[in-house]
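Contents: one structure, followed by commentary.
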Amino acid sequence: MTIRMEERAKALAARGIDIISLVGGEPDFDTPEAVKDAAVRALREGFTKYTSSAGIPELREAIEAKLRAQGLDYSSDEIVVTNGAKQALFNAIAAVCEPGDEIIIPSPCWVSFTEQIKLAGGTPMLVPVSEATQFAPDPERVVAAVTPRTRAIVLNSPNNPTGAVYPRDVLSAIADVALRHNLYLIVDEVYEALTYDGTAHLSVPLVRPDVRPLTLLANSMSKTFAMTGWRVGSLAGPRDVIEGIDRLQGHVTGNVNSIAQRAALCALREHVDYSAMLREYDARRRYMVAALNRISGVTCPMPQGAFYAFPDVTALLADKSQRGGVRDSMALAEHWLNTAHVAVVPGDAFFGPGHIRFSYAASMAKIEEGIARIKQVTEQPR
Ligand SMILES: Cc1ncc(COP(=O)(O)O)c(C=O)c1O
């Protein structure tokens with residue numbers, strides 16, 4: 001649905017219509033210059049050959065050092081460099097999921113989780129989260145979803161699309177579930193650097209070192225360093241699983257682009273400063289949430305992480321007794337695209353009906369104009 005909205009928006013823009021897109025799932029900032037320079041240097045030096053499929057040793061060591069600085073103890077042979085977190089997650093799921101297995105995902109959730117599980121022959125088991133718990137999963141509902149076929153639980157904090165950052169007690173309770181039922185925890189930390197209001201991102205094996213043997217940590221350069229197109233991510237986990245994943249990746253894609261690996265190495269080694277980017281996201285977040293809450297029929301909690309707001313729009317949807325009208329979030333997103341010329345992603349795309357995902361990975365000027373337009377078309381008498 002995200003791609004469909006983007007394509008619709010592009011088609012309208014191609015007809016000369018001034019479209020504002022608040023769809024983006026990637027930073028609107030450029031990759032830092034030092035990182036680009038490192039890539040140019042690698043290219044000029046002829047660093048253009050195969051590397052080991054798990055990644056160049058220096059990069060694995062730099063990831064090891066980064067994890068160690070966060071209090072996480074992984075040696076470089078427990079780390080594999082992947083084509084973005086997407087491949088890290090796919091590898092993790094392919095490694096642990098047998099056909100017929102079930103994998104629990106708190107939802108709303110990022111769409112690739114469900115599709116990757118299906119590709120591995122498994123069944124995604126969605127466990128809805130509630131706004132009452134700031135979109136953090138309820139461990140009791142998670143445990144209620146465990147069956148003899150359950151193999152793993154996927155966690156994504158900070159979360160796409162809700163912006164939730166899971167608190168310590170929730171992570172600890174889910175670690176208990178994993179240990180009790182011998183389930184892997186497949187943990188997506190791509191938004192780890194993007195938290196606000198002093199909320200800290202907590203990594204599960206830091207909160208509960210005893211669950212480390214069951215934890216697979218997926219991460220990426222994409223969001224933290226504005227490097228989505230470079231395709232560099234990583235997976236850290238127990239040595240036996242990582243060895244299997246290295247073999248899998250060796251046959252599927254081989255190594256990540258050698259030049260991109262050197263660029264990633266620079267971003268990690270030189271401690272590229274992303275605090276200015278973070279401050280800008282924070283200002284946009286505050287503005288966006290306040291402006292959304294000023295639209296009648298829209299209620300938006302303050303997200304603590306990532307770069308998405310996820311307001312409730314059920315008050316704007318027509319109920320079954322009404323004829324015509326906007327019935328669901330997909331129809332509302334289309335309505336806003338056609339009338340306000342603003343593109344957003346319907347919550348239905350993330351199994352989050354009655355919600356819309358607004359991205360603030362867009363300039364303040366676009367956010368101001370986009371929300372003003374939506375307010376105008378939403379509040380004008382129909
Ligand atoms: C939750 C989540 N995980 C993973 C990814 C993919 O990241 P990467 O670019 O590292 O593959 C995204 C991208 O939007 C995401 O939102």
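These numbers come from the heavy atoms of this one structure, side chains and all, not from hydrogens, waters or symmetry mates. Index from 1, following the sequence. Ligands are counted one by one from 1 in listed order, and the atoms in each one are counted from 1 as well. For clarity, every value in this text was computed on a predicted model and none was experimentally measured.
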Looking only at N/O atoms, are Y191 and ligand 1 under 3.5 Å apart anywhere?
yes
Go through ligand 1 atom by atom and flag the ones less than 4.0 Å from a non-hydrogen atom of N156.
1 (C)
Judged by non-hydrogen atoms, does V190 sit under 4.0 Å from ligand 1?
yes
With a sphere of 6.0 Å drawn around CZ of R4, does it hold more than 12 non-hydrogen atoms of other residues, nucleotides or ligands?
no
Below 4.0 Å from ligand 1: does a non-hydrogen atom of R231 turn up there or not?
yes
Side chains of S75 and D77: any donor to acceptor distance under 3.5 Å?
yes
Under 4.0 Å, heavy atoms only, figure out whether ligand 1 is touched by the backbone of A85, its side chain, both or neither.
both
Expected output: side-chain D197 to main-chain T199 donor-acceptor under 3.5 Å
no
Run Y308 and Y191 through ring pair (Phe, Tyr, Trp, His ring centres under 6.0 Å) and show every step you take.
CA-CA 11 Å; Y308 309 108; Y191 296 100; 5.7 Å; yes
K223, any N or O under 3.5 Å of ligand 1 N or O:
yes
Decide whether an N or O pair under 3.5 Å exists between S222 and ligand 1.
yes
Nearest option to atom 2 (C) of ligand 1, as decided by whichever heavy atom of D188, V232, N160 sits closest:
D188
Option set G233, S220, S157, criterion heavy-atom distance to atom 10 (O) of ligand 1, minimum
S220
Y74 vs R212, side-chain contact (heavy atoms from CB on, under 4.5 Å): CA-CA, chis, key distance, verdict:
CA-CA 10 Å; Y74 287 90; R212 183 193 183 282; 3.2 Å; yes
For residues F29 and Y281, establish whether the separation of their ring centroids is below 6.0 Å.
yes
Does the side chain of T299 pick up a donor-acceptor pair with the side chain of D312 at under 3.5 Å?
no
